[in-house]
2 protein chains.
Amino acid sequence: MGREEPDIPEARLIPEATVARLPLYYRALLQVADQAIDTVSSEQLAELAGVNAAKVRKDLSYLGSYGTRGVGYDVDQLVREVSRELGLTRDWPVAILGLGNLGRALANYRGFSARGFRIVALVDADPAKVGERVGDLTIEPVDGLRAIVDERRVAIGVIATPADSAQAVADRLVAAGVRAILNFAPAVVVVPPEVSLRKVDLATELQILSFYQQHGRRARDGAGV
Amino acid sequence: MGREEPDIPEARLIPEATVARLPLYYRALLQVADQAIDTVSSEQLAELAGVNAAKVRKDLSYLGSYGTRGVGYDVDQLVREVSRELGLTRDWPVAILGLGNLGRALANYRGFSARGFRIVALVDADPAKVGERVGDLTIEPVDGLRAIVDERRVAIGVIATPADSAQAVADRLVAAGVRAILNFAPAVVVVPPEVSLRKVDLATELQILSFYQQHGRRARDGAGV
DNA sequence: AGACGCTTGTGACCGCGTGCACAAGCGCGG
DNA sequence: CCGCGCTTGTGCACGCGGTCACAAGCGTCT
């Protein structure tokens, strides 16, 4: 696995596995905060996040020492700390590329905006779709992508196109200056080293499940490359 | 990480990380087969699947020795072997639970049926939705779930409900005999040990991306718990 | 003030997964 | 029939991640 140079002054480099769990803790913390509870133990958080308590403590210790021995963690402080770390205090304008079934669902999905990711543009290559309204946005042509990204400060591109357009769209996004991409298309997409890329493939998930069913084994939660 | 008893006679237990990559190889192999190419090297497969060649060889070696030194892998044979291993030669009837935006998109998504996962039921708790047609299926009430699972041999349940209904729906699925669940709801779902569970959380993915943007680091492909 | 209970933070160990590098082996050409 | 080139299959070493178990430390009660 490629290690990166320690070009960040930050002393404590948070492990990738921990980063992947921070959103779980964040969700759990919001639940707790909702109940007006002001202190949680690693045990309780572990329960809510569906992980092991020791892991919770070690993960949180990478953020700094925000717990009190004998007491637990201050919920408000931890929420602030985790959301700061996850970058949720900033604004991350999102563009959705490709408005087939999946793209439309994502455009309407509350889970995005709910957590502070604002969808600011819907883009599709099909002229027949351009101009159509979805939610409270209008579908725009791909040619305008660069201008859209510039003007609306698009930070994250979500690819929901068919597999064979995915790479082309990714290239356009990168050319327009987008440095973070979430790919839903069932295709391998290659981006330059400075661009972050994550992928979600629905068919892959089902295939992993069927593998384990077939073999009488049990699939564990995680996903993987 | 929980190890399971070796209750399968199969000598070679395929590592979880390899299982997660088999769908990638499968997709790559289909691409190659489409071009009427009958032999591929691990190098080529690696390129198409977006992984390292050594990893491809090691992964494929878990399935058995289906390559020829100096030549490569026979595409047809490998396609057969991988699909057999993934259980794609069987029928895996899928039920979708919850028909909001996401559920409807999944119901219409071609990526599912394309790879042999047949959607056989759409279920929603909202009486207002029951009876409505989506694609060529009709939304049915949750009360009928057990009967539906029995009659249509549902093997995989896809949860696309709001977070607060996810656990209840999962419990019903398990009670009805479903042993594999794919959860799209942003909630922790607990199931008995004999049930496979994987999760996909869209908001989590975005949060991971924003973390890396925030820190000037680069997110790698994988996902994780 | 001192002791006790509870919870954090972390040192240590262990196992999986990764990548390198090479030996084994197949096929072709001379 | 022998040698050469190419590609697989794998032994090995290393590092990340997970878990245990315990010391450190806070608060409370007597």
Side-chain angles (χ1 to χ4, degrees), chain A residues 1-6 11-22 24-25 29 32 37-47 49-75 77-78 81 217 220-225, chain B residues 1-4 6 11-22 24-25 29 32 37-47 49-75 77-78 81 217 219-225:
Chain A
M1 191 173 287
R3 298 291 96 228
E4 57 278 350
E5 339 299 329
R12 44 186 215 292
L13 234 259
I14 301 180
E16 290 186 27
T18 297
V19 173
R21 279 188 297 268
L22 286 182
L24 295 186
Y25 301 145
L29 284 166
V32 172
I37 298 170
D38 53 356
T39 299
V40 274
S41 67
S42 58
E43 198 75 46
Q44 294 170 296
L45 262 184
E47 167 81 21
V51 301
N52 164 313
K55 210 182 292 189
V56 171
R57 291 198 296 274
K58 187 161 277 187
D59 284 342
L60 295 183
S61 77
Y62 288 115
L63 309 185
S65 279
Y66 296 114
T68 306
R69 292 164 194 248
V71 179
Y73 298 90
D74 180 275
V75 175
Q77 186 185 17
L78 204 51
E81 217 48 55
R217 289 169 61 188
R220 289 317 259 104
D221 256 351
V225 179
Chain B
M1 193 175 283
R3 300 288 97 230
E4 57 279 348
R12 46 190 212 292
L13 234 259
I14 300 178
E16 291 186 27
T18 297
V19 172
R21 280 188 297 268
L22 286 180
L24 296 186
Y25 301 143
L29 285 167
V32 172
I37 298 172
D38 53 355
T39 298
V40 274
S41 67
S42 58
E43 199 75 47
Q44 295 171 295
L45 262 184
E47 168 81 22
V51 300
N52 164 311
K55 211 182 293 191
V56 171
R57 291 198 294 276
K58 189 160 279 188
D59 284 342
L60 294 183
S61 78
Y62 288 115
L63 309 186
S65 281
Y66 295 114
T68 306
R69 292 164 195 246
V71 179
Y73 298 90
D74 179 275
V75 175
Q77 186 186 17
L78 204 51
E81 217 47 55
R217 287 169 63 189
R220 290 316 259 100
D221 255 353
V225 179

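In the text below, chain A, chain B and the rest are named by the order of the sequence lines, each starting its count at 1. All heavy atoms count here, side chains included; hydrogens, waters and symmetry mates do not.
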Where the side chain of B:V71 is concerned, which of C:dG17, C:dG27, D:dC20 is the nearest nucleotide?
-> C:dG27
Just the rounded figure in Å: distance from [atom2] of [N] to [atom1] of [X].
X	N	atom1	atom2	value
B:R57	C:dG17	CZ	P	19 Å
B:R69	D:dT7	CZ	P	14 Å
A:E16	D:dG17	CD	C1'	11 Å
B:L60	D:dT10	CG	C1'	14 Å
B:D59	C:dC16	CG	C1'	13 Å
B:K58	C:dC22	NZ	P	15 Å
A:D74	D:dC26	CG	C1'	15 Å
B:E43	D:dG5	CD	C1'	16 Å

For DNA chain D, whose closest nucleotide is more 5', that of B:G64 or that of A:P15?
-> B:G64
Which of B:L22, B:L13, B:I14 passes side-chain contact (heavy atoms from CB on, under 4.5 Å) with B:Y62? Answer is B:I14
Which distance, rounded to the nearest 0.5 Å, do you find between the CZ of A:R57 and the CG of A:L45?
-> 11.0 Å
Check whether any side-chain N or O of [X] sits under 4.0 Å from OP1 or OP2 of [N], and answer yes or no.
X	N	value
B:K55	C:dG19	yes
B:T68	C:dC26	no
A:Y73	D:dC26	no
A:S42	C:dT8	yes

Under 4.0 angstrom, heavy atoms only, what part of the nucleic acid is A:Y66 near: base, sugar-phosphate, or nothing?
-> sugar-phosphate
Looking across every strand, which nucleic acid part, if any, lies under 4.0 Å from A:S65 by heavy atom: base, sugar-phosphate, or nothing?
-> sugar-phosphate
Is a side-chain N or O of A:Q44 found less than 3.5 angstrom from the main chain of A:S41, in a donor-acceptor match?
-> yes
Is there a side-chain contact between B:L60 and B:Y25, using heavy atoms and a 4.5 Å cut-off?
-> yes
Taking the side chain as C-beta and beyond, is there a heavy-atom pair between B:E16 and A:R217 under 4.5 Å?
-> yes
Relative to the 5' end of DNA chain C, which residue comes earlier, A:G70 or B:N52, by the nucleotide with the nearest heavy atom?
-> A:G70
